[in-house]
Every structure is written in structure tokens, then in C-alpha cells.
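Positions are given from 1, in the same order as the sequence printed here. Remember, it's a predicted structure, so these values are computed and weren't measured experimentally.
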Amino acid sequence: MAVELCLLLLLFCGSTISEVQPIYKPPPGTLDFGFVPSKTYDTGAYHEPGSIGILFKIVHAFLYLVQPNSFPQDLIRKVAQQQLGKTQGDYQKPENVVLTLQAIYYEIGFIVSAALGLLFILLLPLVGLCFCMCRCCDNCGGEMHQRQKKNADCQRSCFATFLFVASLIISVGVLCAYAANQHLTNQVRGAKKLVNSNFKDLKIFLNDTPAQIDYLVSQYNTAKDKALSDLNNVGPVLGTRVQEQLGKEVRPALDAALTMAGAIRETKEALENVSVSVEVLQEGTERLHANLTDVKTHLSNTLNDSACNAAQAASTCNIIRNSLSQLNINANFSGLPGVSSQLAKVNDVLKIDLSSLVQKGYAAFNDTPDLVVNQTRNILSAVPYIKSVLESIGSNITTFTKALPVQKILDDLMVYLTQSEAYVQDYFPLVEQYDFYRWLGCLILCCMVVLILVFYYLGLLCGTCGYDKHASPTTRGCISNTGGNFLMAGVGFSFLFSWVLMTVVVLTFVTGGNVEKLVCEPFEDKNLFKVLDTPYLLNQQWKNYLAGILFKNPNVNLTFEKVYSDCKENKGIYTSLHLEYLFNINEFLNISMYTEDVALKIEHIQINLSKIILLDEIGKENLLNFSSSGIDGIDFSAYLTEINKSVTKVDLLSFANDLEARADQLPKGALENALKGHANSIRMIHNQQVVPLEQAMSTLNQSIRLLKKTSSELMVKVKNVISAVNAAQFLINNNASQVIVQETKKYMDTIVGYFEQYTEWVKESIAMEVAACKPIANVIDTAVDIFLCSYITDSVNTFWFGLGGSSMFLIPAIIFAVKLSKYYRRMDTEDVYDDTENGNNGYHKEHLYGIHNPVFTSSVEQW
């Protein structure tokens, strides 16, 4: 039992670490134990009869008509349990009389059919004897004289047709019988290959089982190596797990603090951009205002020229003069408040590198595995002990498996199997010899029928070909007479052989039909196994016969049907035969003891991670200083109001283009050229001054919006970051031990999980793959379904079906042959009538006028 104890050392670790259950049990890493080595069995326990299968189905349908009753399970159980015939007077008991009547009722189809066959056997020879004696007395058609009838030709044709049809049916029947006879012989000759295939599969079954068991034992190393690998890295593995568990709160807090540090830098850049952009805008708008004023002055002076007073230019000049007021700045940045104070405070905040402080927190937290390793010496001290246990388990498993008498049992079975194979090989030639005798006997029976058919066919051929309708009965030709004699010879052999044929038919019918209905059909639907599994049927002292034979314990629920079904599905013999009653693999792989010392080491873990500082007080104060930097006091609305305005009241490019278009409307001259020059000046002002101002306004817009977003609830955001950091720090300082214990239990569960996988794999492999008992089911199928039912019973049933049909149609063939022979054989006498009385219905002879023609008789009888 050393193996069980060593395995449970690991199994118990996962269940006795602490009274507090882990939050969850993660599935252990999946181990690949490979496939249990197995070979493919050659035997295909299935028989396809081929084209003769159609005849088999017809015979099955006929048997269903004879015996449509279902398999009598209850009747067979009662008959077997009554044990009729053990004492005198058993059959007179009322209950036994009832059983007898039930059996007769079930077999009524076979009884009636057999009775008809016996009647045929008894009566046909007797009828033949009487018929022969009757003909010897010139009766029953024995008189060689034929009465002349008007419908003689019609009768002859009908009798010939009916005899031919009957002969064809007899021919079909004898062909079926011959095919069944030959099929059985062919199958017996080929059975040796199937038998050898079964023996080969049984040998594979016995030879592979030790290798499969050795493979199961060797795969323990897979679980052991994985467990040892994890144990050798217990510090990094366990520390990483602890870090991952704590990191669920620590990392988000540090990430938030690092994000806030980035926000401080972005705020500084935004404030600097605002300060620079406002200064640029203020100076630029002043220069722009001065330049636009100069342009308006020069343009006004040009419009005051006398050329504008001309009738053609007056209206155009007035329009231009009225639009000069649009040449002015629109946005006024001189009144915007400065951000120098906020920028100064943020610069003071940035004197402390908050990002560096947060990175130190990250670095301290990343050292968690090392801290865990240094403070879990009690676990590490148990690792060598666990390793020694794991190392010893492999040798203990090997020792235990060798102690089992598996190899001895397999060796004994192999010896018995070898002897059985030698016995079969020695006696198989004898079986083939006896089968040859059987085949010869059946062939002789078929030849009897063929002989009769030969006479009938020759009679029909000679009679039909040699018949001359113009010839009188006494003058018929030799060929026609020979045909009639052949027909009577066939009749004679029919009487001689029919009772022999029917005797064979009745015997094979009763035997083969009952085997089909009471063995083959219930075997196919497993009702036969249900009868065999009836409690106390095969042994009055045993509830389950098979369990009593195997385990000497008849109370074990082990049935023939279950064993056969499991083996048919190629399950392991351990499951099929319920060998847990001899060797319980669950007990071998499951005991809970001898683990308290390891469990106590894990229960009393004390971990202190207070050395880990996520963010010191300087960093927290730095965050608070940033929240009070005053960026939330900036007048963002004033900035956004001016930013949303355009630089000038009118688009200078549009104004210049419009001015140039109106100049083109004026007469060619100095006025036109002057206005176009002013338009070019306005374009230059736009390109050199307005465009840079618009770019500065865009930068100012982005910076202001960033500051507005950052300042929104800044104090709340900072406090949330500090609270998250404090909560993570509290978890590290006060709850780390609990996290360590939980993660340690999970870690041990993973280690245990490797061996749980191994034990479950062993159980499943033993149940489904090790010593898969498909060959046992194949042997049963080969013996019963193939040999007994498909080879023998189906062939025998088809043989009696064909031979019986031929025998039955001998009766009408005899009648038609006797009737027809009268028309083919040469008669000794005939009827002679006058033509005036009978016209052409009589046979014309030379008339003796005045003298009545006598009827001649012959003393010679032809049979």
C-alpha cells in the first residue's frame, strides 16, 4: 500500500491546507500522457453471405410465417427452473402440464409442419405401392388402351404445361438446395482463416496487456517531472502568482499615478503654449491693425482722385469707398488674463520627478517574488521532503504492479490458448472430412431429385418432339413411346425417393428452424443473454452465474449481456468483467493520510511585504500641490470667446479679389492700376500676417481645451489617485499573508492536479483501453453468429427449404406425368368408330362392310 500513501501525500495537500477554501480552483496545466499502445485486431466478426443472402432472407420470412411468436423468455426460464424429468411424475404436475401446453403452443407451427412431413413420409410410399398394384391389375391407367375424346389435344397440352412448370419449380428448389450445400462447404473450408484470425487477436490481446500496463506505470514520470519542475521553481512561480493577485489592485493604482505625472507635464507644456501664443497674438494684431489702417488711408486717397468723379467710375468708386470699414481686426487678445502664476506653480511641482517616484513603486512591487521566496522558508523546507516522496512513488508503483499476479495469469492463458489452437488445428482436417461426407450425402439427395427431373425433362422432350397427332394410339412412334416411358420412370423414382427426401427435410427443418428461432434471433437482439442472466437459473444457489464463476461471489451484478456489450464496444476487460471486485483501482489511487506535517507548514505562513512602498509622502504631496496650482481658475470662457472669432472682420483674400474685379470694371488708366496695386498689398498682408496669427490661434485653442479638460474636477481626480495608492499599500502591508496563503493553496492544487490528471487518465485507460476485450466478443460472434447461424443454420435451412419445396411438388408432377404418359405411350388397343357417326373424331381404319369391327386387346401390358 506504499503507493497509495505516497500519492495521497500530494492529494491531501490540496484539501488540508486551511479551513478557508480558496477563492477558485484553477484548472491545472493539461498534461499529455500520449496514447496507450495498442494494435489493431484483424478479425471482422461480420459475415456477408453475398448473393445467396436473398435465399436466406426468403427462408427467414418463411420461418416467420411458420413461427411468428416472439422469443419465449419466460417460458424457457420456467422450464429450466422446473427441471422436468428429474423425478417420476413431474410431467403430471399441473404447473408442468401448463408449461408443456405453452411449449406446444409456441412450437405449434413447427409441430404442424413436421406432422405434415411425417404424413408425407408415410403416405406417399404407401400410395405408390397401391398405385403400382392397381396398375398391375390394368386399373389406374394401367390398361394399354386409350379412350378417344374430343379435347384430347387440349388435355395433352395442359398436362405437359403443368408438368413442365412443376419440373421448373422442382429444379429451382434443387438448385437452392445445391447452392446452400455448396455454400456451407465453402464456408467451412474458409473457416480456418477466420479461426486463425481469432486466435491471432487473442494472442495480441494477451501479449499487449503487459506492455500497456508498463506504459501506464511509465507515464507517472510525466506527472512527476512536471511537479518537480514546478517545485524547483517554487519561488518564482509562487511569487509571480502572489504578484499577479496583488497586482489586480496595485498596478491600476500605480498606473493612475503615472498617468497623473504625465498630466502634470502636459499641463506645463499647455501653459507655456498659452503664454507664448497670447504674446504672439497681441503683438501680431497690433501690427496688423497698423497695416490695415495704412491700406485704408492709401486706398481712400486713391478713391478721392478726380478720375472717380467720371460717370463711368463714380458708382464703382462709391462701392469700394463704402467697403473700407471692413478692413479692420476682429479678435482682441490684449484683454486676455495671463497664466504666468499657474505656470510658476506647475514648474514648482515639476521640481519633484513624480514619474521617477512611481517607477520606484513599480520596481519595489516587481521585487515581490524575491520577497516571497525569502519569507517562505517554511514552504521551501518542505520541498525536499515532497521531492523525495515523488521520487519514491515511481519505484513503489513498479514494485506494486510486479506483485500483482497479472503476468502469471496471462502466461497461463497463453498456454491454454496455444493448446486450444493446436487442438483446433489438429482436428480441423477431421472437420473438413466430415463436412465432405455431409456434402456428398446432400449431393446424393440432390442427385435423386435431379434423376427424377432428368426423366421428366426427357419425357417431355421425347414426347413433345415425337408426338404425331395424325397417328393412332396403337401406331405412335418410338420417340413418343420412349417419352411416355421416361415419364413413368420418373413417377416410379419419385415414389422410391420422396420419403427419403422428406425424412431429411423434416429432420433438418425441425432442427434448423428451432436453432434459428431459439438461438440465432435471440442472440442478435440479446434476448438470449437476458435468459442466461436470469437469477438462479444456471445454478440454484447463485444469483449471478458469471459472477459466481469468476469471483466466487454470485451477488456481484455481472451479467452475460453487459460483458458482451462492453466487449463489443472494445472496452477494457477491467470494466467489462468488473474486476474492481478483485482489485479496486480507486483504492489503489485514493487514500487520505500522512500529510499533516506538510499542511501545517503551509497553514502558518507569515508574510510581511511592508518594505514595498508604492508612493512616498513626497509624491502624494506633489500630487496635492498640482491640484492646487490654480489651473482650474483660468478664465477659459474669455479665451475661447476670442479664439472662436476670426482675425479680421472680412476675409482679406476675398476682399482683394473683389477689389481687383471692380478695378477691371473701370476704364483703363492710372485709377485701375492703383486699385490693383492696393489689392496686391492686401494679399501680402494676409499671407505675411493673418496666416501666422491663425496658426497661433489654433495652438492656443488646443492648449486651452487641454487645460480645461485637465482642470475639470482636478482635486477629485488627485484624491482618487491617492486613495487608490493608499488602498493598494494597505493591502500589501496588512493582507499580503492572506493572499500568500490563498495563492499557495492554488499552487499546491496545481501540483496535486498533475497527479489527479494522472490518476484519472489511468482510470480511464484501464476502463477503456488497457486489455480491450474486443477479441472476446469476436470469438462469441464468430462461434454463434457466424459459424452456427450464418454458416450452418442459414445453409441448412436453405437446404431443407429448397429440397422440401422440390419434394412437395413431386406430388403434382407425379399426377401430371401419369396423365401425360397416356398420350405419349403406344397403346395395344384403341377405339374405332364409323366416320358417319363420329366424323373426324375417331381414327379411320379399313372398313369391313357388313361386319362390326371388334376391339382388339393385348395380353402384353406395358408399364
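Taking the six-membered ring where the residue is Trp, the centroids of Tyr427 and Tyr434 are separated by 6.0 Å or more.
Rounding to the nearest 0.5 angstrom, the gap separating the CG atom in Asp785 from the CG atom in Asn778 is 11.0 Å.
The side-chain hydrogen bond (donor to acceptor under 3.5 Å, both in side chains) analysis of residues 174-184, with sequence neighbours excluded, yields the pairs Asn181-Arg438, Gln182-Asn186, Gln182-Trp439, His183-Gln187, His183-Ser795. Applying the disulfide bond (SG atoms under 2.5 Å apart) definition to pairs two or more places apart or across chains, those involving residues 508-537 are Cys520-Cys789. Residue pairs meeting the ring-ring contact (aromatic ring centres under 6.0 Å, His included) criterion with at least one member in residues 774-793, sequence neighbours excluded: His47-Tyr791, Phe787-Tyr791. Contacts classified as side-chain hydrogen bond (donor to acceptor under 3.5 Å, both in side chains) and involving residues 62-75 (residues at least two apart or in different chains) are given here: Gln67-Asn69, Gln73-Arg77, Gln73-Asn527, Asp74-Arg77. Among residue pairs with one or both ends in residues 538-566, those qualifying as salt bridge (charged side-chain N to carboxylate O under 4.0 Å, His left out) are Lys562-Asp566, Asp566-Lys571; sequence neighbours excluded.
Between Phe529 and the options Phe523, Phe560, Tyr545, Phe71, a ring-ring contact (aromatic ring centres under 6.0 Å, His included) holds for only Phe523.
The side-chain heavy atoms of Cys176 and Ile52, taken from C-beta on, include no pair separated by under 4.5 Å. Proximity of Lys568 to Asp781: side-chain heavy atoms (C-beta onward) are separated by under 4.5 Å at one or more points.
Listed by chain and residue number, nothing satisfies the disulfide bond (SG atoms under 2.5 Å apart) test with Cys442 (two or more places apart in sequence, or in another chain). With sequence neighbours excluded, the residues satisfying side chain to side chain donor-acceptor pair (under 3.5 Å) with Ser565 are Lys526. With sequence neighbours excluded, the residues that form a side chain to side chain contact (heavy atoms under 4.5 Å, CB included) with Leu101 are Val97. For Cys773, the disulfide bond (SG atoms under 2.5 Å apart) partners are Cys567, not counting sequence neighbours. Every residue two or more places apart in sequence or in another chain was checked for a side chain to side chain donor-acceptor pair (under 3.5 Å) with Lys57, and none qualifies. Residues meeting the side chain to side chain contact (heavy atoms under 4.5 Å, CB included) test with Val66, sequence neighbours left out: Phe62, Phe110, Ser113, Phe509. The side chain to side chain donor-acceptor pair (under 3.5 Å) search around Lys530 returns none, not counting sequence neighbours.
Heavy-atom contacts from other residues, nucleotides or ligands closer than 6.0 Å to OH of Tyr106 number more than 12. The environment of CD in Glu524 is sparse: at most 12 heavy-atom neighbours from other residues, nucleotides or ligands sit within 6.0 Å. Counting heavy atoms of neighbouring residues, nucleotides and ligands inside a 6.0 Å radius, atom CD of Gln541 does not exceed 12 of them.
Checking side-chain atoms of Thr793 against main-chain N and O of Leu788 turns up a donor-acceptor pair under 3.5 Å. Between the side chain of Glu769 and the backbone N or O of Gly572, no donor-acceptor pair lies under 3.5 Å. Under the 3.5 Å distance criterion, the side-chain polar atoms of Ser218 are matched with a main-chain donor or acceptor of Tyr215.
With no hydrogens or angles considered, a side-chain donor-acceptor pair links Asp794 and His60 at under 3.5 Å. Under 3.5 Å, the side chains of Gln433 and Tyr437 contain a donor-acceptor pair of N or O atoms.
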